[in-house]
Colleague: 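Mind looking over this structure? Questions follow.
On a predicted model such as this, the values are computed, not experimentally measured, just so you know.
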Amino acid sequence: MSRAGLGLLALVPLGFLVVFFAWPVLAILNRGFVGNDVLTALADGETWRLAWFTLAQAAGSTVLAVLGGMPLAFVLARVRLPGVSLIRTVVLVPFVLPTVVVGLAFRALWPDGGVLSIVLANAFFNVAVIARTVSGLWGHLDSRAEDAARALGASKWRAFRSVTLPALLPAIMSAAAVVFLFCATSFGVVLVLGGARYRTLETEIYLRTENLLDLSGAAALSLVQIAAVLAVLLLGAVARRKRETALRLRSRREVARRPVRAEWWVVGAAVGVLGLLLTPIVALLVRSLSTEDGWSFAGYRALSSTGNDGTLQVSGWEAALTSLRTATDATMLALIIGVSAAVLVVALRRAPGRISHGLAESMDAALMLPLGVSAVTVGFGYLITLDALPGDLRRSPLLVPLAQALVIIPLVVRMVLPVLRSVDDRLRQAAATLGAGPLRVWREIDVPLTIRSVVAAAGFGYVVALGEFGATSFLARPQEPTLPVAIAALIARPGQLNNQMAYAACALLMLVTMAAVIVIDRLGSGRVGEF
């Protein structure tokens, strides 16, 4: 691809990131620095209490996710038993469930909420990140070093602790950093389970903006949060670099086999973790069908109404249709931006010279930044910036899809980029030698080899957009709420009908998500891109 072509291609993802990510976030930073708001926030003991609780619950959730994910990683990487492929799919379901759904699922188990339910819910979300990331490396480790340690007299546990665990540590640390980041910026779970008693920086930013109209105070808290997030991203980048080094050192893929002796205890632990993951899902389904008068579909029938005393301005089904429409728009936009960005990064890496390679690495890192900045902060930034664009996008139906696309783009890139990068360049050279032009080479070589990953990324992004709540809660208009926003409105108002509607809507969202995950996992043969 020529330099001019690369430049034109770069305008698509870079222009989007600058206008719809960098500008709103910088506007938040600028507003936080106006006057003495930052100093006031830093001097306020409440800020540090919120920060401490945010980090503490994230750390607790991360530890639980690692403890739960490791037995599952072993089963996925090294065990050959009936049902392992089903386990691989079920493990992924919690990760893509809408946060409001998970919050209500745990609320069905713990009606009073509290710190423990928040920690468990965030761990429930992120066990898949540990299990899938670590199993990806574990399945490629050469077991001969561990066998040699056993031959020298080491026990199974000592061989694992001395040989296998150090090799897995970069993947564990990389995944743990991502989990900590997700837990620290968790919004829907904390809002549903914590209420006004337990607040994180994320929920406090929302409450100050939505309820108190304290924009300056919210901006100052956003600054504190962004600083913490960037520190975690830096640690995660270091761990990821070590992980990539470890992956380059792998020698062969270990063949999965039946467990022997003590390994059955690990399999039993994995089954136990799987049962714990299914418990909130089953509890939510049961709660959606139970009323004070017994079993009933009243909540599902009530979705055609607006709830008690007109809680919603539209019916539940209209909110569901809005969710489907905005998720479709967001996914299409994310595919255009994400695939363009992945093609650009691959083209830069293949170009000769250190400058091109450096640009590729910088571009790849920049595309991941939206995952490291709170969706609430981005939504807040949209409210104070996008009126400057022609037509005032704050009133546009594209506002919510734009915010959701920003969340999806990094996921699309991470799923498509490794597949594009793995296409053998000799195939392109052979096609070019036979007279094919660049566009035909792309159509005949790249597209057939990468189309599965693109379709899987589209499905994965679609279910994430369906459940996105952080930015959407700021941006969705009352007359056009998405289903997660409608659920939040229903549970915020008293009344049995509202509760039943909320649980029924959550059950529908969950079932749609589970069906999509099964299709995606089968399409990707268990693993697509880097996840």
Colleague: Considering non-hydrogen atoms only, spot the tightest contact between A330 and A405 and give its length.
Modeller: O-CB, 3.6 Å

Colleague: Within the distance-only criterion (no hydrogens, no angle test), does the side chain of S61 pair as donor or acceptor with the backbone N or O of V119 below 3.5 angstrom?
Modeller: yes

Colleague: Using 0.5 Å steps for rounding, measure from the CD atom of E204 to the CZ atom of R199.
Modeller: 4.5 Å

Colleague: Is there a donor-acceptor contact under 3.5 Å linking the side chains of T203 and Y198?
Modeller: no

Colleague: Starting at OG1 of T311, measure out to CE of M501 and round the result to the nearest 0.5 Å.
Modeller: 8.0 Å

Colleague: Quick one: does any side-chain atom of D387 pair with a main-chain N or O of L383 as donor and acceptor, under 3.5 Å?
Modeller: no

Colleague: Would the distance check show the side chain of T62 and the main-chain N or O of A58 forming a donor-acceptor pair, the cut-off being under 3.5 Å?
Modeller: yes

Colleague: If only side-chain N and O atoms count, and only distance matters, is there a donor-acceptor pair under 3.5 Å linking Q500 with R287?
Modeller: yes

Colleague: Under 3.5 Å, side chain of S323 to main-chain N/O of L483, donor-acceptor pair present?
Modeller: yes

Colleague: Would you find a donor on one side and an acceptor on the other, under 3.5 Å apart, between the side chain of T385 and the backbone of P24?
Modeller: no

Colleague: Indicate the atoms forming the closest heavy-atom contact of L76 with S135, along with that distance.
Modeller: CB-CB, 3.9 Å

Colleague: What are the two closest non-hydrogen atoms of M510 and I281, and how far apart are they?
Modeller: SD-CG2, 3.5 Å

Colleague: Please report the interatomic distance CG(N499) to CG(L490), rounded to the nearest 0.5 Å.
Modeller: 8.5 Å

Colleague: Does any N or O in the side chain of E468 come within less than 3.5 Å of the main-chain N or O of A471, such that one atom is a donor and the other an acceptor?
Modeller: yes

Colleague: Return the minimal non-hydrogen interatomic distance between T331 and A327, and the atom names on each side.
Modeller: OG1-O, 2.7 Å

Colleague: As a test of understanding, state which of V190, T185, L191 forms a side-chain contact (heavy atoms from CB on, under 4.5 Å) with E202.
Modeller: T185

Colleague: Among V63, N126, N122, L55, find the one that has a side-chain contact (heavy atoms from CB on, under 4.5 Å) with F180.
Modeller: L55

Colleague: What are the two closest heavy atoms between A465 and I408, and how far apart are they?
Modeller: CB-CD1, 3.5 Å

Colleague: CG/L402 to CG/L386 distance, rounded to the nearest 0.5 angstrom?
Modeller: 7.5 Å

Colleague: Would you call L509 and V512 a side-chain contact if the rule is heavy atoms closer than 4.5 Å?
Modeller: no

Colleague: Under 3.5 Å, side chain of Q57 to main-chain N/O of T54, donor-acceptor pair present?
Modeller: yes

Colleague: Would you name the heavy atoms of L193 and A121 that are closest together and state the gap between them?
Modeller: CD1-CB, 3.9 Å

Colleague: For the aromatic rings, using the six-membered ring if either is Trp, is the centroid distance between F106 and F124 under 6.0 Å?
Modeller: yes

Colleague: Can you tell me how far apart OH (Y382) and CZ (F20) are? Round to the nearest 0.5 Å.
Modeller: 6.5 Å

Colleague: Would the distance check show the side chain of Y503 and the main-chain N or O of S290 forming a donor-acceptor pair, the cut-off being under 3.5 Å?
Modeller: no

Colleague: For F469 together with F187, are the ring centres under 6.0 Å from each other?
Modeller: yes

Colleague: Determine yes or no for a side-chain-to-main-chain donor-acceptor pair under 3.5 angstrom, with S186 supplying the side chain and F182 the backbone.
Modeller: no

Colleague: Let me confirm one number: the SG-CG distance from C506 to L284, rounded to the nearest 0.5 Å.
Modeller: 5.5 Å

Colleague: Are the side chains of L104 and I491 in touch, meaning some heavy atoms are under 4.5 Å apart?
Modeller: yes

